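Just below is one structure, and these are the notes that go with it.
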Amino acid sequence: MPAEQCHTYSQLVCEHLASSWQIMRASRIACYFPAGNEVDLFPFIEFAWRANKEVYLPVLGLRYTGQLWFVPYRPEDKLYLNRFGIPEPVHDRRHRRTSLRNLDIMLLPLVAFDECGNRIGMGGGFYDRTLANLQHSDGWQRPKRIGVAYQLQQTHKIPSEKWDIPLHAVATEQGITWFEESR
Ligand SMILES: Nc1ncnc2c1ncn2[C@@H]1O[C@H](COP(=O)(O)OP(=O)(O)OP(=O)(O)O)[C@@H](O)[C@H]1O
Ligand SMILES: [Mg+2]
């Protein structure tokens, strides 16, 4: 997609997120930094800051775990590039202890999604491994996992492996679709 189109659609995705009631009543929201031409959440991040919400970003955890930590991201925080060239906030070690259950919403970047909420990411298994910790607990509904993508990334049924964690909803330039009733 041309950069200009990505920009226009990203703005729309951010507007849909900012006006949804699930976001309105959330206080802690995990976002991500766009790699390549992924949907850019920055306008939404700025909205969330203005609305006094806490924004979190993923940082790579210990290499052998293949998991992500979610650390607070405030306007004054500096960023550095991780080994994949993705910006991460410079943070205090103690912030790595943020429990996933403390997050209300997690926005996840997608490569593709289907009508049942199955997702394909960049293939590293980072989100799947991180979220696996919640699978067998009451915390399964928290944080709400909202995939973020362009509508053209919707595809026919995506086969799901046993480790794949599905989405509660997907946000695109056309709006937010919730899948809960489909599982
Ligand atoms: N809970 C898990 N425990 C151990 N390995 C896992 C787990 N989840 C995924 N993996 C490994 O990660 C690899 C990549 O997973 P997958 O193909 O589902 O990537 P993805 O969903 O596109 O990536 P991501 O979750 O980062 O968006 C899998 O081959 C699998 O071996
Ligand atoms: Mg997966």
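Numbering of residues begins at 1 and proceeds along the displayed sequence. Each ligand, and each atom within it, is numbered from 1 in the order the structure gives. Only a predicted model underlies this, so the values are computations on that prediction, with no experimental measurement involved.
With ligand atoms numbered from 1 in the order given, ligand 1 contributes 24 (P), 25 (O), 26 (O) to contacts under 4.0 Å with heavy atoms of Tyr127. Applying the 4.0 Å criterion to heavy atoms of Asp128 picks out, from ligand 1, the atoms 8 (N), 9 (C), 16 (P), 18 (O), 20 (P), 21 (O), 25 (O).
Taking any N or O of Ala132, backbone or side chain, none lies under 3.5 Å from an N or O belonging to ligand 1. In terms of polar-atom proximity, defined here as any N/O pair under 3.5 Å, Ile120 makes no such contact with ligand 1.
Here the heavy atom of the protein found nearest to atom 26 (O) of ligand 1 is Phe126 N, 2.8 Å. With respect to atom 14 (C) of ligand 1, the closest heavy atom belonging to the protein is Gly123 O, 3.4 Å. For atom 9 (C) of ligand 1, the closest non-hydrogen atom on the protein side is Trp163 CD1, 3.1 Å. Nearest protein heavy-atom neighbour of atom 23 (O) of ligand 1: Gly125 N, 2.9 Å.
Phe33 CZ to Glu88 CD: the interatomic distance, rounded to the nearest 0.5 Å, is 11.0 Å. Atom CZ in Arg28 sits 8.5 Å away from atom OG1 in Thr98 (nearest 0.5 Å). Separation of atoms OG1 (Thr155) and CG (Leu110) is listed at 12.5 Å; rounding is to 0.5 Å. Distance OH/Tyr32 to CG/Leu68: 14.0 Å, rounded to 0.5 Å. Once rounded to the nearest 0.5 Å, the distance linking CG of Leu167 with CG of Asp114 reads 9.0 Å.
With Asp104 as the fixed residue, the salt bridge (Lys or Arg N to Asp or Glu O under 4.0 Å) test singles out one of Arg142, Arg145, Arg25: Arg142.
The nearest N, O or S atom of Glu161 is not closer to the Mg ion (ligand 2) than 2.8 Å.
Nearest-residue assignment for atom 5 (N) of ligand 1 (options Lys162, Met122, Arg129; heavy-atom criterion): Arg129.
Heavy atoms of other residues, nucleotides or ligands lying less than 6.0 angstrom from CZ of Arg83 number more than 12.
Residue contacts with ligand 1 for Arg119 involve side-chain atoms from C-beta outward but no N, CA, C or O (heavy atoms, distance under 4.0 Å). With a 4.0 Å heavy-atom cut-off, ligand 1 is reached by the side chain of Asp164 but not by its N, CA, C or O.
Salt bridge Lys162/Asp128: absent, no basic N to carboxylate O contact under 4.0 Å.
For the pair Glu161 and ligand 1, no heavy-atom separation below 4.0 Å is found.
Looking at Asp164 and the Mg ion (ligand 2) together, the shortest N, O or S contact belongs to OD1. Note on Asp128: its N/O/S atom closest to the Mg ion (ligand 2) is OD2.
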| task | Before giving the answer on ring-ring contact (aromatic ring centres under 6.0 Å, His included), spell out for Trp49 and Tyr73 the whole-Å C-alpha distance, their side-chain angles and the decisive distance to 0.1 Å. | result | CA-CA 10 Å; Trp49 281 335; Tyr73 178 44; 5.2 Å; yes
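Checking atom 31 (O) of ligand 1 against the protein gives no heavy-atom contact under 4.0 Å.
In this structure, a donor-acceptor pair under 3.5 Å is absent between the side chains of Gln174 and His16.
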